[in-house]
Colleague: 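One structure, as C-alpha cells, below. Some questions next.
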Amino acid sequence: MFVCICKAVTEDEVHEHCADGADSADAIGERCGAGWGCGTCVDRLKEILERSAVSTAA
Ligand code: FES
C-alpha cells in the first residue's frame, strides 16, 4: 500500500528506511522523497516512525 502517492513510496519502503536509521519524516524524505511533494503523507510518515520507534525500543 502506498504511503506517499506523489513519490510512489510504499509502507514497506518506509519501514525499511526506519530500520536503516531514518528517525524523522525529513530523513525519510532524503532517502526516497516521501513527504516532499504535496505533503499530505507527512502525518502518516510520522505515525509509522512512532510505531517503528516503539517496536525497536521493545
Ligand atoms: S503523498 Fe507524499 S508528498 Fe504527496
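Note that ligands are numbered from 1 as they come in the structure, with each ligand's atoms numbered from 1 the same way. Predicted, not measured: the structure shown is a model, and the values here were computed from it.
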Colleague: Is any side-chain heavy atom of Val3 closer than 4.5 Å to one of Glu13?
Modeller: no
Colleague: Atom 2 (Fe) of ligand 1: which protein N, O or S atoms are under 2.8 Å away?
Modeller: Cys4 SG, Cys41 SG
Colleague: For residues 35-50, which side-chain donor-acceptor pairs fall under 3.5 Å, sequence neighbours excluded?
Modeller:
from  : atom 1 : to    : atom 2 : distance (Å)
Arg44 : NH1    : Glu47 : OE1    : 3.1
Arg44 : NH2    : Glu11 : OE1    : 2.9
Arg44 : NH2    : Glu11 : OE2    : 3.4

Colleague: Evaluate the criterion side chain to side chain contact (heavy atoms under 4.5 Å, CB included) for residue pair Cys32 and Lys7; output intermediate values, then yes/no.
Modeller: CA-CA 8 Å; Cys32 62; Lys7 304 293 178 179; over 6 Å; no
Colleague: To the closest 0.5 Å, what do you measure between NE2 (His15) and CD1 (Ile28)?
Modeller: 9.5 Å
